[in-house]
Amino acid sequence: MANARAILSLLQGCNSMRKLHKIHAHILINGYQHNPSISEKLLNFCAVSVSGSLAYAQLVFHRIHNPQTPAWNSMIRGFSQSPSPLQLQAIVFYNHMLSASHARPDTYTFSFLLKACEEAKEEGKCREVHGFIIRFGYDQDVVLCTNLIRSYAGNGLIETAHKVFEEMPARDLVSWNSMISCYCQTGLHEEALKMYDQMRISNVGFDGFTLVSLLSSCAHVGALHMGVQMHRFAGERRLVENIFVGNALIDMYAKCGSLASALSIFNSMPKRDVFTWNSMIVGYGVHGRGDEAITFFGSMLMAGVRPNSITFLGLLCGCSHQGLVKEGVQYFHMMSSEFNLKPGIKHYGCMVDLFGRAGKLKEALEVIRSSPSQHDPVLWRTLLGSCKIHRNVEIGEMAMRNLVQLGSLGAGDCVLLSGIYAEAKDLQGVARMRKLIQSRGIKTTPGWSWIEVGDQVHRFVVDDKSHPDSREIYRKLEEVIHRASLVGYAMEESSLVAAPESNTQEYCWETSTSYHSEKLAIAYGLARTPEGTSLLIVKNLRVCRDCHNFTKFVSMAFDREIIVRDRVRFHHFKGGHCSCKEFW
DNA sequence: ATAGGGTTAG
């Protein structure tokens, strides 16, 4: 004979549906099915627990006579945690609650509803729930406002999210952290970093959550100095031991070109997870140091950490940039044969690059043909890039035809093929590309470069005149070009030769009068930093040949180390040489 | 009874 108290404590310790069925039987035998605290507990377990069952919860719910707010909340919460289309049932249930019962929604109800909207990716629903919240007078609640920020941002409405943030009556640490992480996850890293200045003024302090998002943004824009500052803050609060913070620090240092610092954090970590190892492996990979990525991969396995698909992206990237064809092929196969990981489109892209870069264009083509995603423009674009490196007109044209067919031809692709024609002395081909690029309907990706000087990240675009110190920057650039030319730099004048090389490069035909964004960033960096300090430039596209050449001579003429992180990899320029050994 | 925040790739 179990009494009500005993049943409640059984429910408390319940961790599987099997146990639950037994307890439910007890409840029925003892006639407790109408005891509200027992049926609510039962319902809550079925609806919310990971080992529960929403279907069972619905049965229990419908047997409850006159369910109160807690019961409705359990159901709404259960639906909000459900997989994809089912979440919106949460809103259906809510409407049902309003129309068919006397139970009133509370702040918890809305919190669960917003969670459902965040996952469901339906911005209309998000606005709808916001309306409910206002109607019930809960729009001043800090937690609900924070929920709203996440829901709006998760639905692509970052500006609305920011508006909620601005207008909420008071912001605590969690609201700040949420706003910053929303910017970070939306890719608006400059905005995220700007929030930090305002956060300091507002005196809410910071914690590990703050640092993780900010470090991720520092990593993306290459803000090394700010990252170092975060590292110091982390040290003061003993947050470096926090695995999330440690991982974010490793990634930040690796992405800001300081593999040595990344390694020293790695060595000091008391615990390491798959993120820790991946950050190192991807770090070595994008620096073109495939052999070290491979060594770390071996240690990772020894440490008993299971690799995931990102681990292999890092490995394959390293192999392709170091020309380790045999190893790359081996790891590609290992993915599925030993770790049961299905190669994704990115992995196939690496394989196309691995063969293409090594001059094995036929094999690269074979990879595309055999991949499950042969209609993906990225693969053909990668192949086109390889054709440029190895001057192959025939396969280049084939790649181009495929891009046209897939309707995803961009200006960069035309520039690339034009370069291939130029090197084959096919002037008509060049003219055709030039014409194509000027026709409408061709997509262009605007290029930009970031450089961190002092505590500010500066962004430049091609021929940028918007910087407040623009005049000075152009004057400096003239001087830089002059000094570079004294040690052998010659700007490539003809548009035929100077047409940038890669699909995703900044393109411009009138090269003799245009300055790519990284030249402006380099000039600014040279003007504003002490002699001998190294510069870090981060680009969203790939470096063109002229800029690559330019940077080599600048590193010699000014005796500076210049690190350029482009869309795919790192270039370390020093004394007139680049770490990529012209292999990019 | 129950609520809000974190890292790698893209």
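Letters A, B, ... mirror the listed sequences (proteins, then strands); counts begin at 1.
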- [ ] Tell me what Ser216(A) touches on the nucleic acid: a base, only sugar-phosphate, or nothing, going by heavy atoms under 4.0 Å.
- [x] sugar-phosphate

- [ ] Describe the nucleic acid contact of Thr210(A) in one word from base, sugar-phosphate, nothing, applying a heavy-atom distance below 4.0 Å.
- [x]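 Nothing, no nucleic acid heavy atom in range.
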
With sequence neighbours excluded, what pairs up with [X] under the side chain to side chain contact (heavy atoms under 4.5 Å, CB included) test?
| X | value |
| --- | --- |
| Gln33(A) | Ile27(A), Leu28(A) |
| Asp353(A) | Ser320(A), His321(A), Arg357(A), Thr382(A) |
| Gln140(A) | Pro169(A) |
| Phe275(A) | Asn247(A), Asp273(A) |

TODO: Please list, chain by chain and in numerical order, all residues satisfying side chain to side chain donor-acceptor pair (under 3.5 Å) with Lys255(A), sequence neighbours excluded.
DONE: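 Asp251(A).
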
Among [range], which contact DNA chain B at a heavy-atom distance under 4.0 Å?
| range | answer |
| --- | --- |
| residues 33-46 of chain A | none |
| residues 135-144 of chain A | Asp141(A), Val142(A), Val143(A) |
| residues 111-123 of chain A | Ser111(A), Phe112(A), Lys115(A) |
| residues 258-292 of chain A | Phe275(A), Asn278(A) |

Open item on the list: I need the full list of side-chain hydrogen bond (donor to acceptor under 3.5 Å, both in side chains) pairs touching residues 230-245 of chain A, with sequence neighbours left out, sorted by first then second residue.
Closed with: His231(A)-Tyr253(A)

Open item on the list: According to side-chain hydrogen bond (donor to acceptor under 3.5 Å, both in side chains), does anything in residues 151-160 of chain A pair up with another residue at least two apart or in another chain? List the pairs.
Closed with: His130(A)-Tyr152(A)

Distance-only check: which donor-acceptor pairs under 3.5 Å involve side-chain atoms of residues 300-309 of chain A, not counting sequence neighbours?
residue, atom, partner, partner atom, Å
Arg306(A), NH2, Phe339(A), O, 2.8
Asn308(A), OD1, Asn278(A), ND2, 3.0
Asn308(A), OD1, Ile310(A), N, 3.0
Asn308(A), OD1, Thr311(A), N, 3.2
Asn308(A), OD1, Thr311(A), OG1, 3.2

